[in-house]
Structure formats: C-alpha cells, structure tokens
Amino acid sequence: MSDTIYWNEPSPSIEVIALNRMGYGHTPEEMKRVQQLGFKNYVEEQLYPNDNQDPIVTQKLSSARLRIEYTHRGNKVAEDRPLHYLQSSIPQLWKLIQSGDKLSYEEKIRPLQEVRAATWLRAVYSKWQLREVLTDFWHNHFNVNAAKEERIAATFPVYDRDVIRKNCLGNFRVFLEDVAKSTAMQYYLDNVSSKASPANENYARELFELHTLGASHYYNHLYNRWKEVPGAVTGNPVGYIDEDVYEAARAFTGWTVANGSDNGKGERFPDTGTFLYYEGWHDHYQKRILGTELPPNQPPLADGQKVLDLVASHPATALHICTKLCQRLIADQPATATIQQAVKVWNDSQQQPDQIRRVVRSILLSEEFAKSWGKKIKRPNELVASFLRATQTDFMPDSGFLWLTSQIGYHLFEWPTPNGHPDTGTYWLNSQMMLARWRIMEVMFQDWFKSCKINWQQLPPVTNLTARQMAEQYLKQITGRSISAKTQEVVANFLAVGGSIDEPPIGNTEEIQSRLKNTLSLIGMLPEFQIR
C-alpha cells in the first residue's frame with residue numbers, strides 16, 4: 001500500500017496530533033488539558049462523553065437563533081428562532097408532515113436546519129471532540145441525504161440524536177438495527193414501501209456494499225451461484241453476490257413506517273412516523289443468505305434481524321469498518337498492522353455494548369497514530385471548525401454560514417449518494433476545491449459576514465511587537481506548533497507591508513487589526529494548517 005504524505009515536516013507534539021486527529025483542532029485550553037492529563041488519560045476521558053459536563057455547548061445551543069424566511073399562502077415569515085426541535089420525538093416532528101400544504105416547505109425542513117446549526121456549534125465548542133468526529137464519521141458511513149424527502153428532513157433530529165450519536169461508541173450490531181428501523185433510512189433507501197413480490201433491493205444492497213462487508217467483498221463478477229463462493233457451503237462465504245442481496249431484500253419486506261398509508265387491504269397504517277412491522281407485506285418463504293438457510297414462517301422481524309446478525313459478524317465487515325476508522329483517525333493508507341489490531345479488537349468485542357469504543361481506543365493508542373503526521377488533509381468541515389477553534393472566534397452559525405460552507409464541497413447531511421463524503425485527500429485537492437478552501441478563509445472575517453467575529457482578547461497581544469514576533473506568535477497559536485523560519489518570514493513580510501519585519505508594523509491600531517485579519521486568513525491557507 002502506497003504511503004501518501006501531504007506535507008513532509010517533523011511531527012508536532014502528541015497534544016497537537018491528538019487534538020487534530022481526535023477532534024476538530026486545538027484551542028489553547030484543550031492543549032493545556034491534554035498536557036495536564038497526559039495523552040492516554042485524555043483519550044480515556046474522551047471515550048466517555050457526558051453531556052452534563054459540556055456547559056459551553058449547552059449555553060450555545062440554548063442561545064442560538066437561526067433565521068427562517070419564506071412566503072406561503074400569502075403569509076410572509078422572516079424571523080430568528082431558537083433551536084427547539086433538537087429534543088423532539090418522531091411523533092412530535094411528524095406533525096409537520098401531517099400538516100400537508102398548510103405548512104411551507106421551509107417549516108417542514110426546519111428540524112434539519114437546526115441539526116446543521118447544532119452540528120457546527122458542537123464541532124467548534126464541544127468538550128467531547130472525539131464524539132463529534134465519530135458522529136461525523138458514522139453520518140457518512142450510514143449516509144442519508146436529508147434533502148431527498150421532506151419526511152427525512154422533518155425527522156432528522158431523531159436520526160442524529162437517537163441513532164448516530166447514541167450508538168457512535170456502542171455495539172455495531174445494535175447500531176445496525178437502529179439504522180435499519182430509522183424513519184430517515186427507511187425513506188432514503190426506499191425500504192418503507194418494500195413488500196413481497198417484488199422486494200425493493202435498495203436498502204439490502206447498500207447494507208452489504210457500504211454498511212457492512214464493503215464493495216471489495218462483492219464477488220458476482222466471479223461467481224453466479226451461491227455454492228460457488230468459497231466457504232458458502234459451510235455457512236462462511238468470503239463475500240457476497242447478487243443472490244445474497246435479493247434474498248436479504250426479501251428478509252426486510254414489511255419493515256416500514258407508520259405513515260398513515262393504505263396497506264393494500266383497504267386499511268390504513270397508524271400515522272405516527274415511527275417504525276412499523278407489517279406482517280401482511282412480509283415474504284414468509286424460506287431464504288438463503290451468506291450460505292445460511294432461513295426457514296419459512298419465522299416470527300415477526302426475525303428474518304431481517306438474522307440478516308443483521310450475519311452481516312454484523314462477518315469477517316469482511318470487521319475489515320471494512322476498521323479500515324475506514326483507521327483512515328479517518330490516522331492516514332489515507334493506514335498500516336496493515338494497525339488495521340489488523342483493530343480487527344482483532346472488533347471481533348473479540350462483538351458481544352460487548354461498547355464494541356466501537358474498544359476499537360477506537362486501540363486505534364488512538366496505536367504506535368502509528370502518534371507517528372503519521374501529514375498523511376491526512378482536513379476536509380472542508382474540519383478546516384473551518386479547526387480555524388474557528390484555533391482563532392478563538394466568537395461563532396454562531398446563521399443561514400449565510402450554512403450556505404457558504406455548502407459551497408466548499410462539504411454538503412452537510414446532503415451528500416447525494418449513499419457512500420457519504422470521501423475521506424481521502426485525492427478528492428479534496430483539485431484546483432477548484434483548493435480555491436474554495438482558500439476563499440472561505442478570507443470570507444469568514446469580512447465585516448459583512450455576521451456569524452464569525454474575531455475576539456481580539458483571545459489572540460496574542462501585539463503591543464510593541466515586531467512583525468516577525470507577531471508572525472511567530474500568531475503562527476504558533478493557530479497551528480499549535482513552531483513553524484519554519486521561512487514560513488514565519490513570509491507571514492512577517494505580509495504584516496510589514498514593505499517595511500522591516502524587525503520593527504513594529506506601520507499604521508494605527510485599526511489598520512494593524514485589519515492587516516491581522518488578513519494574516520489570520522493567510523495562516524489558515526497555509527499547508528501547515530491544512531494538514532493533520
């Protein structure tokens with residue numbers, strides 16, 4: 001496996017590595033926290049997040065106001081509202097859908113917009129940075145494009161809160177079933193309408209290809225019949241073929257949503273938006289999946305649950321997901337030894353309620369984690385969040401911010417295909433993407449951009465400092481480490497505007513602060529800040 005290095009420089013301290021790999025970058029306070037606890041103790045603390053110990057995020061979420069603006073049925077609405085859907089239940093959120101055309105589209109998708117704003121606030125301010133990174137990881141792994149369907153957007157707070165966040169450090173088999181039963185996934189991959197003769201294959205295919213075994217273990221190009229797959233006759237196939245997908249789709253027939261629709265027999269389902277198993281739509285005949293026979297006429301849900309058992313425990317699933325976790329936390333091409341150690345922990349912990357926590361711990365404490373700096377590029381959301389954290393910017397996301405960040409390639413909860421955002425640098429390093437990344441660094445501190453405001457009290461004081469000294473201090477705060485003299489000189493010359501870098505920059509306080517805004521943006525554009 002080739003070893004892509006995006007920036008070849010000496011590795012920074014373990015504190016910088018930890019805060020950029022386990023979280024969305026450092027802050028001065030978090031740097032001190034890691035130093036005080038020690039790296040291993042900090043990892044352990046992060047593995048056990050507690051919402052009752054996150055006062056800043058609690059305050060930010062309660063004080064947040066997000067604009068909603070529309071004209072509907074002659075009524076014009078333009079107001080800033082609190083984030084009041086984040087703790088709502090499915091039946092409560094479903095009332096937005098039940099309203100029909102009485103409510104505007106903007107009202108129906110408002111819960112999704114609130115989750116977006118909350119996600120940014122947590123990324124920038126949460127004490128539990130590892131959970132935020134893993135939440136983002138699992139949202140991409142179990143990707144749902146919430147813009148596909150109003151019913152997904154309306155119920156999205158529950159998918160984020162009770163499916164992804166709840167399970168991000170838990171047991172994978174439990175996680176799988178929560179995803180399968182979620183209103184969001186039921187609608188996104190169309191299982192909501194899947195019934196016997198014929199079953200809808202969309203969810204079953206992505207279950208195999210993306211959620212569990214992975215596309216690398218799809219062997220239909222080699223084998224046409226299940227018996228031909230090595231290991232299948234003993235119930236241990238090395239991978240899957242189309243026949244497994246077809247049979248699994250049959251197993252999930254009748255898994256649907258109580259959406260008030262007609263069941264085909266002149267009766268209507270309840271109308272709550274919650275998961276519903278409808279026996280009348282289920283295919284009760286025998287099935288064969290991954291070389292395992294499923295007898296006919298099983299109890300309610302048993303066929304689908306058996307499929308989830310099979311794919312969750314398959315060796316290919318362990319390899320697929322552990323590789324993705326190592327890619328997210330370490331490098332685009334993580335070492336085989338690190339992956340194999342994570343796989344061992346995964347397999348040994350399959351019955352443990354904190355299986356994922358144990359695997360993540362093994363990755364974070366691996367030798368490679370501490371020695372692979374420069375082998376990951378920050379994705380756009382990581383870049384923006386880390387910049388806001390490093391500069392200690394006063395931040396409150398508004399609709400303008402949410403729109404702008406969607407323009408840099410990271411479509412939060414709106415990635416159009418089921419595979420989620422790419423997690424390797426090759427996708428994010430083309431010329432168009434780089435221009436967008438540089439542009440947003442500049443835009444965030446413009447006076448007209450209201451969601452971000454520099455807090456000068458949180459930045460190094462500049463009184464009586466030379467341009468060289470200012471460059472050194474600002475580079476160190478924003479990158480978290482000492483930067484080469486050559487780069488320091490480039491930034492110092494930018495500050496000095498043609499004057500001597502060994503003298504204070506010319507101009508009054510306002511002029512110097514204006515130049516410092518641009519200097520902050522420049523530092524955010526540097527390769528030293530863009531890598532992790």
Side-chain angles (χ1 to χ4, degrees), residues 15-16 19-20 23-34 54-67 80 83 117-129 132 378 381-402 404-405 439-465 467 469-481 483 491 494-495 504-505 507-526 528-529:
E15 292 84 5
V16 173
L19 293 171
N20 279 278
Y24 288 102
H26 69 278
T27 65
E29 292 78 13
E30 280 297 283
M31 194 78 79
K32 291 176 184 175
R33 181 73 178 162
V34 186
D54 209 359
I56 296 177
V57 159
T58 300
Q59 185 273 324
K60 289 285 183 180
L61 291 176
S62 64
S63 64
R65 298 292 182 272
L66 187 63
R67 190 109 179 131
D80 297 321
L83 310 183
T119 297
W120 276 108
L121 284 170
R122 288 170 172 141
V124 174
Y125 290 110
S126 180
K127 172 182 178 179
W128 308 112
Q129 286 284 293
E132 296 313 306
K378 293 177 182 177
N381 65 320
E382 299 163 20
L383 178 65
V384 171
S386 63
F387 188 63
L388 293 171
R389 284 172 62 78
T391 56
Q392 298 281 273
T393 297
D394 289 335
F395 168 65
M396 183 59 71
D398 57 17
S399 54
F401 176 87
L402 296 178
L404 181 67
T405 50
R439 175 63 176 158
I440 198 169
M441 293 291 100
E442 177 186 7
V443 168
M444 281 194 289
F445 289 152
Q446 297 297 318
D447 291 337
W448 55 267
F449 196 62
K450 302 301 182 184
S451 61
C452 305
K453 184 180 179 182
I454 292 178
N455 185 343
W456 293 106
Q457 301 301 315
Q458 299 295 325
L459 291 166
V462 297
T463 307
N464 299 322
L465 294 183
Q469 291 169 329
M470 289 167 63
E472 180 183 6
Q473 289 200 28
Y474 272 68
L475 278 163
K476 188 162 188 178
Q477 170 154 334
I478 296 171
T479 65
R481 60 196 190 276
I483 300 299
V491 175
F494 183 82
L495 269 170
N508 58 36
T509 301
E510 184 177 339
E511 290 170 335
I512 293 173
Q513 283 191 348
S514 176
R515 213 171 307 147
L516 280 169
K517 281 186 183 180
N518 294 329
T519 301
L520 291 170
S521 300
L522 173 64
I523 295 172
M525 299 177 194
L526 293 173
E528 290 93 333
F529 187 75

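Arg67 places no side-chain N or O within donor-acceptor distance of the main-chain N or O of Gly400, the cut-off being under 3.5 Å. A distance-only check finds no donor-acceptor pair linking the side chain of Gln458 to the backbone of Asp394 [under 3.5 Å]. Remark: side-chain polar atoms of Glu511 are paired, donor with acceptor, to backbone N or O of Asn508 under 3.5 angstrom. His26 places a side-chain N or O within 3.5 Å of a backbone atom of Gln477 that can act as its donor or acceptor partner. Side-chain atoms of Ser126 come within 3.5 Å of backbone atoms of Trp128 as a donor-acceptor pair (strictly under, hydrogens ignored). Between the side chain of Ser514 and the backbone N or O of Glu510, no donor-acceptor pair lies under 3.5 Å.
Residues Ile523 and Leu475 are in side-chain contact: their nearest non-hydrogen atoms beyond the backbone lie under 4.5 Å apart. With contacts defined as side-chain heavy-atom distances shorter than 4.5 Å, the pair Met444/Thr393 does not qualify. The shortest side-chain heavy-atom distance between Trp448 and Val443 falls under the 4.5 Å cut-off. The shortest side-chain heavy-atom distance between Met31 and Val16 falls under the 4.5 Å cut-off. Side-chain contact check for Thr519 versus Val491: some heavy-atom pair is nearer than 4.5 Å. With a 4.5 Å cut-off on side-chain heavy atoms, Leu66 and Leu83 count as touching.
Taken to the nearest 0.5 Å, the CE atom of Met396 stands 7.0 Å off from the OH atom of Tyr125. Atom CG in Asn518 sits 7.5 Å away from atom CD in Gln446 (nearest 0.5 Å). Atom CD1 of Ile56 and atom CG of Asp54 lie 7.5 Å apart (nearest 0.5 Å).
Taking the six-membered ring for Trp and thresholds of 30 and 60 degrees, Phe445 and Phe387 have ring planes inclined between 30 and 60 degrees apart. A tilted orientation is assigned to the rings of Phe401 and Phe449, their planes being inclined by 30° to 60°.
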Q: Decide side-chain contact (heavy atoms from CB on, under 4.5 Å) for Leu383 and Phe529; before the verdict, give the C-alpha distance in whole Å, the side-chain angles of both, and the deciding distance to 0.1 Å.
A: CA-CA 8 Å; Leu383 178 65; Phe529 187 75; 3.8 Å; yes

(Q) Apply side-chain contact (heavy atoms from CB on, under 4.5 Å) to residues Leu526 and Thr479 and explain how you reach the verdict. (A) CA-CA 10 Å; Leu526 293 173; Thr479 65; 5.8 Å; no

Q: Kindly determine whether Leu459 and Gln392 satisfy side-chain contact (heavy atoms from CB on, under 4.5 Å), including the steps that lead there.
A: CA-CA 7 Å; Leu459 291 166; Gln392 298 281 273; 5.7 Å; no

Q: Please report the C-alpha distance between Thr509 and Gln513 in whole Å, then the side-chain angles of each, then the deciding distance to 0.1 Å, and finally whether the side-chain hydrogen bond (donor to acceptor under 3.5 Å, both in side chains) criterion is met.
A: CA-CA 6 Å; Thr509 301; Gln513 283 191 348; over 6 Å; no

Q.
For Leu61 and Arg122: C-alpha separation, side-chain torsions, deciding distance, then whether side-chain contact (heavy atoms from CB on, under 4.5 Å) applies.
A. CA-CA 9 Å; Leu61 291 176; Arg122 288 170 172 141; 3.8 Å; yes

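Glu442 approaches Ser521 most closely through the heavy-atom pair CA-OG, 3.6 Å. Of all non-hydrogen atoms in Leu121 and Pro397, the two that sit nearest each other are CD2-CD, 3.5 Å. The heavy-atom pair separating Pro460 from Tyr474 by the smallest distance is O-OH, 3.3 Å. Ile512 and Pro505 make their closest contact through CD1-O, 3.8 Å (heavy atoms, listed as atom of the first residue, atom of the second, distance). Nearest heavy atom pair, residue Arg65 against residue Ser62, reads NH1-O, 3.3 Å. Nearest heavy-atom pair across Gly25 and Arg389 is O-NE, 2.9 Å.
Taking the centre and axis of the six-membered ring of Tyr24, the NZ or CZ atom of Lys378 falls outside the cone set by 45° and 6.0 Å.
For Glu29, the CD atom sits in a packed shell: over 12 heavy atoms of surrounding residues, nucleotides or ligands are nearer than 6.0 Å.
Between Arg33 and Glu30 there is no salt bridge, since no side-chain N of the basic residue sits under 4.0 Å from a carboxylate O of the acidic one.
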